[in-house]
Amino acid sequence: MTDRRTYMGEAVKIVVVGDQSISPEMLEEAARDLHLDAQIEIKKLWWGAHNRSEMQKQLLNVETNGSTAEPPAQGLEEEIADADYLLSHLGTIPRTVLEKAKKLKLIGTCRGGLEQIDVAAATELGIPVMHVIRNAEATSDFAVGLMFAETRNIARSHAAIRQGVWRKEFVNSDYTTSMRDMTVGLVGLGHIGKLVAQKLLGIGMKVIAYDPYVTQEVLETAGLDKVELIPLEELFKVSDIVSLHMRVTKETEGMINKSLISLMKPTAYLINTSRARVLNKEDLVEALQNKTIGGAGLDVFWDEPLQENDPLLALDNITMTSHIAGNVVDALPKSPKLLVKTINRYFETGTSDMIVNRK
């Protein structure tokens with residue numbers, strides 16, 4: 001890619017695809033702040049249901065089954081043919097759409113998840129895909145909070161009091177300790193993983209991590225020189241808390257399974273605020289039922305909401321929250337501006353950590 005572009009008098013076409021959460025108008029307003037030395041033409045499209053609950057069902061389908069699970073925005077296949085930039089949020093962008101793009105220079109999405117975009121097809125076609133982690137701070141806060149809630153029985157004690165029980169004994173009572181005495185292993189050191197590491201180091205905890213795309217030099221540059229990178233299997237063996245911060249890809253789907261969970265200490269905890277499908281549900285349930293690990297904290301699930309007969313509901317060594325780690329009031333409305341700011345920085349520098357298919 002190039003830096004700030006000059007189009008020699010040609011209009012630049014930007015297609016924006018909004019939805020019930022982030023409107024086309026919000027994306028249009030942000031797009032007008034792109035550093036493009038040209039007249040801008042913006043085409044606004046809508047994706048998905050106008051009803052929030054219906055849209056959430058569509059989103060879950062996409063997150064489970066990918067960019068072809070729901071149809072793209074009406075008119076996108078036609079408008080993409082001569083578009084220079086595509087800015088979107090939840091709207092699906094499958095290969096069939098991308099193959100019609102003749103001029104597309106970049107795809108930007110206002111979220112961290114990428115299941116709605118066929119990134120592999122975009123990579124084949126030489127189209128950079130940029131995302132932003134709009135709720136990174138919120139999610140990292142929540143991940144640390146979930147560690148406290150699970151290891152110290154905060155939610156379980158609250159629930160017991162509400163039921164009239166003054167509970168003092170828990171599954172982990174024989175090995176409950178302070179957080180500073182625990183080692184946390186982070187699987188994934190993207191933007192959120194790095195923020196979690198910073199917060200845990202601030203508490204005074206030992207932090208180790210696994211991420212095949214991160215080097216010790218990168219960590220030192222980020223001020224995380226105290227984080228030690230170790231092999232994945234070793235991380236599962238020595239951690240008191242394993243926290244997952246991974247995207248779902250062909251390589252990571254179901255990656256955290258029995259072979260890794262079986263390496264964990266019987267007093268160790270597994271925390272997931274990323275995506276449910278990186279974790280094998282049956283293997284986790286078996287470990288919790290047999291108490292071969294100390295417990296788990298989950299904010300993401302394979303079926304949302306949980307069904308009444310879900311085996312997770314029968315367990316007393318798990319803390320569950322309703323996919324709310326990133327739910328803060330300012331994350332959504334700020335995300336289009338954050339995306340455009342990130343794109344502009346990319347124009348200026350020619351590089352960005354937010355390009356997911358950079359070579």
Side-chain angles (χ1 to χ4, degrees), residues 21-22 26-27 30 33 59 63 87 89-90 108-115 130-152 154-155 179-180 182 184-211 213-214 218-227 241-248 269 271-276 278 297-300 319-346 352-356:
S21 295
I22 295 179
M26 293 170 67
L27 285 164
D33 289 333
L59 176 58
E63 289 182 343
L87 306 185
H89 179 222
L90 303 175
T109 178
C110 300
R111 66 194 300 256
L114 293 159
E115 298 88 351
M130 175 177 285
H131 69 160
V132 291
I133 315 298
R134 65 186 180 216
N135 49 13
E137 284 289 352
T139 302
S140 63
D141 289 344
F142 199 93
V144 176
L146 198 51
M147 294 177 197
F148 274 101
E150 172 57 28
T151 62
R152 296 303 307 279
I154 295 171
M179 290 278 279
R180 286 194 65 166
M182 304 176 84
V184 178
L186 304 178
V187 184
L189 272 177
H191 189 35
I192 293 174
K194 289 186 178 74
L195 288 173
V196 172
Q198 289 173 358
K199 290 165 184 176
L200 296 175
L201 290 171
I203 295 170
M205 301 183 71
K206 180 178 179 180
V207 181
I208 57 178
Y210 168 80
D211 191 317
Y213 304 103
V214 173
V218 168
L219 293 181
E220 290 174 5
T221 301
L224 297 173
D225 51 292
K226 291 184 178 179
V227 177
I241 301 173
V242 175
S243 188
L244 308 181
H245 304 281
M246 309 153 62
R247 290 196 296 115
V248 177
Y269 304 87
I271 306 294
N272 190 14
T273 55
S274 59
R275 287 287 188 263
V278 303
L298 303 181
D299 183 57
V300 289
T319 300
M320 296 180 286
T321 54
S322 52
H323 204 154
I324 56 174
N327 288 13
V328 290
V329 294
D330 57 346
L332 278 171
K334 287 182 178 179
S335 60
K337 295 287 188 181
L338 176 61
L339 175 61
V340 166
K341 181 180 179 180
T342 307
I343 293 173
N344 283 336
R345 192 180 303 120
Y346 175 52
S352 174
D353 288 340
M354 294 294 104
I355 297 288
V356 299

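Side-chain atoms are counted along with the backbone in the values below, which use heavy atoms only and exclude waters and symmetry mates. Because the structure is predicted, anything quoted here is derived from the model rather than measured.
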side-chain contact (heavy atoms from CB on, under 4.5 Å) between L189 and H245, worked out: CA-CA 7 Å; L189 272 177; H245 304 281; over 6 Å; no
Rounded at 0.5 Å granularity, tell me how far [atom1] in [X] sits from [atom2] in [Y].
X    : Y    : atom1 : atom2 : answer
E115 : R275 : CD    : CZ    : 4.5 Å
L87  : M130 : CG    : CE    : 10.5 Å
K194 : L186 : NZ    : CG    : 11.0 Å
R134 : L339 : CZ    : CG    : 11.0 Å
N327 : L332 : CG    : CG    : 8.0 Å
N272 : L146 : CG    : CG    : 9.5 Å

Might you point out which heavy atoms bring [X] and [Y] nearest each other, and give the distance in Å?
X    : Y    : value
D211 : G190 : OD2-N, 4.0 Å
M26  : P333 : CE-CA, 3.6 Å
V300 : A276 : CG2-N, 3.5 Å
A136 : H191 : CB-CD2, 3.4 Å
V278 : R247 : CG1-O, 3.9 Å
V340 : A30  : CG2-O, 3.3 Å

Test side chain to side chain contact (heavy atoms under 4.5 Å, CB included) applied to L201 and V227, V184, V196, the passing residue: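 Result for side chain to side chain contact (heavy atoms under 4.5 Å, CB included) with L201: V227.
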task: In sequence, state the C-alpha distance, the side-chain angles, and the governing distance for I192 and S274, and then conclude on side-chain contact (heavy atoms from CB on, under 4.5 Å).
output: CA-CA 9 Å; I192 293 174; S274 59; over 6 Å; no
- request: Take K199 and D141 through the test side-chain contact (heavy atoms from CB on, under 4.5 Å) and record every step on the way to the result.
  value: CA-CA 8 Å; K199 290 165 184 176; D141 289 344; 2.5 Å; yes
- prompt: What do the steps show when you test F142 against N135 for side-chain contact (heavy atoms from CB on, under 4.5 Å), and what is the final call?
  reply: CA-CA 10 Å; F142 199 93; N135 49 13; over 6 Å; no
- request: Output yes when a side-chain donor or acceptor of H131 lies under 3.5 Å from a complementary backbone atom of G112, and no otherwise.
  value: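 Checked: pair present.
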query: Hey, are D299 and T273 close enough side-chain-wise for a donor-acceptor pair under 3.5 Å?
result: no
- request: Applying side chain to side chain contact (heavy atoms under 4.5 Å, CB included), name anything that partners D225, two or more places apart in sequence or on another chain.
  value: E220
- request: Determine, for E63 against R111, whether the closest basic-nitrogen to carboxylate-oxygen distance falls under 4.0 angstrom.
  value: yes
- prompt: More than 12 heavy atoms of other residues, nucleotides or ligands under 6.0 Å from NZ of K341: is that the case?
  reply: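 Count not over threshold, so no.
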Note, Y269 side chain near M147 side chain (heavy atom, < 4.5 Å): no
message: So L224 and V207, do their side chains get closer than 4.5 Å, heavy atoms only?
response: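 No, too far: nothing below the 4.5 Å cut-off.
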